[in-house]
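Written below as structure tokens is the structure these notes are about.
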Amino acid sequence: MKLLEGKTALITGASRGIGQAIAQQFAAHGAHVAFTYLASAEKAAALEKELRQQGVKAMGFRSDASSYAEAEKLVDEVLKEFQILDVVVNNAGITRDNLILRMSEQQWDEVLTTNLKSVFNICKQVVRTMMKNRGGSIINVSSVVGLTGNAGQTNYAASKAGMIGFTKSLAKELGSRNIRCNVVAPGFIETDMTAGLNEEVKAQYIKNIPLGRYGSPDDVARVCVFLASDLSAYVSGQVISVCGGLHT
Ligand code: NAP
């Protein structure tokens with residue numbers, strides 16, 4: 001059964017990792033997909049081609065999630081091409097890990113603007129059209145680190161915790177317009193973002209994961225399909241951890 005037939009989605013940061021898997025799963029479920037990337041132009045072009053092979057409309061846009069002006073331009077262009085937006089996934093994110101004593105102002109600012117301000121940038125632009133359509137689903141990709149904290153990630157944890165407060169507030173503001181807002185909080189997922197961690201840290205993580213394995217991008221994408229679809233019609237303002245039981 002195709003769960004997203006006829007819906008149109010915008011996904012930020014879909015050239016790699018979790019965002020790419022969300023785009024692939026959405027298209028496999030019949031959604032038309034607009035997505036963004038920053039540096040990976042070739043990967044974005046390949047993804048666009050792959051998604052179209054599913055018989056849906058698909059377009060990649062180079063757009064820096066941290067820029068308010070680029071978000072404004074992006075949503076304008078997406079609406080011109082796709083006319084409607086039913087689902088938005090704020091997925092683009094970065095890490096700039098460091099202990100607080102060594103963390104620079106730049107590392108703080110880059111993470112906060114890319115991970116948190118980006119969510120404001122996009123939501124601000126899409127709520128008007130969703131309100132007009134009297135419906136929509138906004139999915140913000142946070143992290144279990146936003147719930148638990150993590151040494152060496154004060155910037156990242158603050159950005160991810162901020163996304164949760166933002167989402168819960170927006171869910172309360174927009175519920176009466178049938179716009180649902182939820183958070184997905186992945187645990188340890190195997191992507192480029194986690195590839196650089198040293199083996200000792202990885203071994204420590206896996207010891208604490210009750211399901212005994214790292215997550216895959218598809219594990220997260222399938223939960224996004226649920227939140228984007230009408231199966232979750234009465235779910236809003238929630239945080240769903242996708243972490244193999246790491247955070248309970
Ligand atoms: P990833 O493999 O590093 O991919 C990041 C994606 O975000 C890429 O497509 C990248 O585009 C895009 N991106 C980065 N900065 C951007 C910007 N300023 N504007 C637009 N796009 C930008 O990361 P991932 O592991 O898939 O993570 C995706 C999301 O899940 C992030 O929000 C991350 O914090 C969250 N998360 C990940 C994990 C994990 O274990 N991997 C756990 C919890 C939460 P380019 O390729 O063009 O650079």
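Here the structure is a predicted model, which is why all the values come from computation and not from measurement. Counting starts at 1 for both ligands and their atoms, in listed order.
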When the side chains of residues 74-90 are checked against the rest of the protein, which donor-acceptor pairs come out under 3.5 Å, sequence neighbours left out?
residue	atom	partner	partner atom	Å
Q83	NE2	K80	O	3.0
D86	OD2	T8	N	2.7
N90	ND2	N140	OD1	2.8

**Asked** Measuring from each atom of ligand 1, which residues have a heavy atom under 4.0 Å away?
**Response** G13, A14, S15, R16, G17, I18, Y37, L38, A39, S40, S63, D64, A65, N91, A92, G93, I94, T114, V141, S142, S143, Y156, K160, P186, G187, F188, I189, T191, D192, M193, T194

If you look only at distance, which donor and acceptor atoms sit under 3.5 Å apart when one is on a side chain in residues 141-148 and the other is two or more places apart or in another chain?
residue	atom	partner	partner atom	Å
S142	OG	K160	O	2.9
S143	OG	V145	N	3.0
T148	OG1	V144	O	3.2

**Prompt:** What is the distance from atom SG of C181 to atom CD of E173, rounded to the nearest 0.5 Å?
**Reply:**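 It comes to 9.0 Å.
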
**Request:** Look at the side chain of D109 and the backbone N and O of Q106, then say whether any donor-acceptor pair between them is shorter than 3.5 Å.
**Result:**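 Checked: no pair found.
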
**Request:** Say whether Q107 and N155, considering side chains only, have a donor N or O and an acceptor N or O under 3.5 Å apart.
**Result:**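 Looking only at side-chain atoms, N155 and Q107 do not form any donor-acceptor pair under 3.5 Å.
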
**Request:** Hey, could you give me each pair passing ring-ring contact (aromatic ring centres under 6.0 Å, His included) that has a residue in residues 202-240? Not counting sequence neighbours.
**Result:**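 Of all non-adjacent pairs touching residues 202-240, those that pass ring-ring contact (aromatic ring centres under 6.0 Å, His included) are F188-Y205, F188-Y214.
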
